[in-house]
Amino acid sequence: VAKQKAIVGSSNFSSAGLGLHEAKRSSWVEAASLVDSRDVRQWFNSNWNSALQVTEETLLAAETLWNSRVKANAEVVEEEAAETHEIAIPSVAESELFKPSITGGNKIRMAARAIELIYFETIEAETKRSVWVPAYAASLLWVAAGHRIATRIEGKPYFETLDDVLEQTSTP
């Protein structure tokens, strides 16, 4: 976190996070984004203020949960990879991609503000029209992951396939 910008991402400053493990390099890509540090500070302070005190008891409980999660996830990833012969894609929460609901005169859910800000800072300035690009991108990611998302589009109550989303991109 710097004075005006911050780098936010899932990667750790480790050999795995930097893609230095040969086995992981071909199947896992870590990413980060440059964002306004004000947003990161607000997010951090909110989480910091609601955090639990770390005790031996909480560490033991966290370790137990982590070990069961890692084992379960590894089994699922292996099964999916064996079935599809493809790389398993990590899941993303709906709240990470979208605003909570369809609002105003919009016919689809708009992208979460964090995604919009990344787009506006790196690709195109924010305008009434530029907000549609991250909204459709989020919809594409969501349906590509096997989910459906409600719309207010006449005759198309849900986006369920990539084609559903792509058919609408020229008419927001």
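Just so you know, these numbers come straight off a predicted model, no measurement behind them.
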(message) So Asn106 and Trp132, do their side chains get closer than 4.5 Å, heavy atoms only?
(response) yes
(message) Could you measure the distance from the OG atom of Ser46 to the CZ atom of Arg41? Nearest 0.5 Å is fine.
(response) 15.5 Å
(request) State, yes or no, whether a side-chain contact exists between Leu117 and Asp36 at a heavy-atom distance under 4.5 Å. (result) no
(request) Establish whether Trp48 and Trp43 are linked, either directly or via other cluster members, by ILVMFWY side-chain heavy-atom contacts under 4.5 Å. (result) yes
(request) Work out which heavy atom in Tyr136 is nearest to a heavy atom in Ile108; give both atom names and the distance. (result) CE2-CD1, 3.6 Å
(message) With rounding to the nearest 0.5 angstrom, report the CD1 to CD distance, Ile149 to Glu160.
(response) 11.5 Å
(request) Would you check if the side chain of Asp164 reaches a backbone N or O of Thr161 as a donor-acceptor pair within less than 3.5 Å? (result) yes
(request) Kindly give the heavy-atom pair with the smallest separation between Ser37 and Lys3, and that separation in Å. (result) OG-O, 3.0 Å
(message) Quick check: do Val143 and Val165 have side-chain heavy atoms less than 4.5 Å from each other?
(response) yes
(message) On a heavy-atom basis, which atom in Arg109 and which in Ala135 lie closest, and how many Å separate them?
(response) O-CB, 3.9 Å
(request) Any chance you could measure Glu94, atom CD, to Lys99, atom NZ, to the nearest 0.5 Å? (result) 15.0 Å
(request) For residues Ala138 and Leu97, report the shortest heavy-atom separation together with the two atoms involved. (result) CB-O, 3.6 Å
(message) Check for me, please, whether Ile115 and Ile123 land in the same ILVMFWY cluster - side-chain distances under 4.5 Å, paths through other members count.
(response) yes
(message) A side-chain contact here means heavy atoms from C-beta on lying under 4.5 Å apart; do Lys107 and Gln168 qualify?
(response) no
(request) Mind listing the closest non-hydrogen atom pair of Glu167 and Lys156 along with its distance? (result) OE1-NZ, 3.9 Å
(message) A side-chain contact here means heavy atoms from C-beta on lying under 4.5 Å apart; do Glu124 and Arg129 qualify?
(response) no
(request) Give a yes or no on this: more than 12 heavy atoms of other residues, nucleotides or ligands lie within 6.0 Å of atom CZ of Arg152. (result) yes
(request) Evaluate the side-chain proximity of Val131 to Phe120: yes if any heavy-atom separation is below 4.5 Å, no if none is. (result) yes
(request) Take the angle between the ring planes of His147 and Trp142 and call it parallel below 30°, perpendicular above 60°, tilted in between. (result) parallel
(message) Quick check against the 3.5 Å criterion: does Thr58 have a side-chain atom that pairs as donor or acceptor with the backbone of Val54?
(response) no
(message) Is there a path of hydrophobic side-chain contacts, each under 4.5 Å between heavy atoms of I/L/V/M/F/W/Y residues, joining Phe98 to Ile153?
(response) yes
(message) Within the structure provided, determine whether Leu166 and Leu140 are in side-chain contact (heavy-atom separation under 4.5 Å).
(response) yes
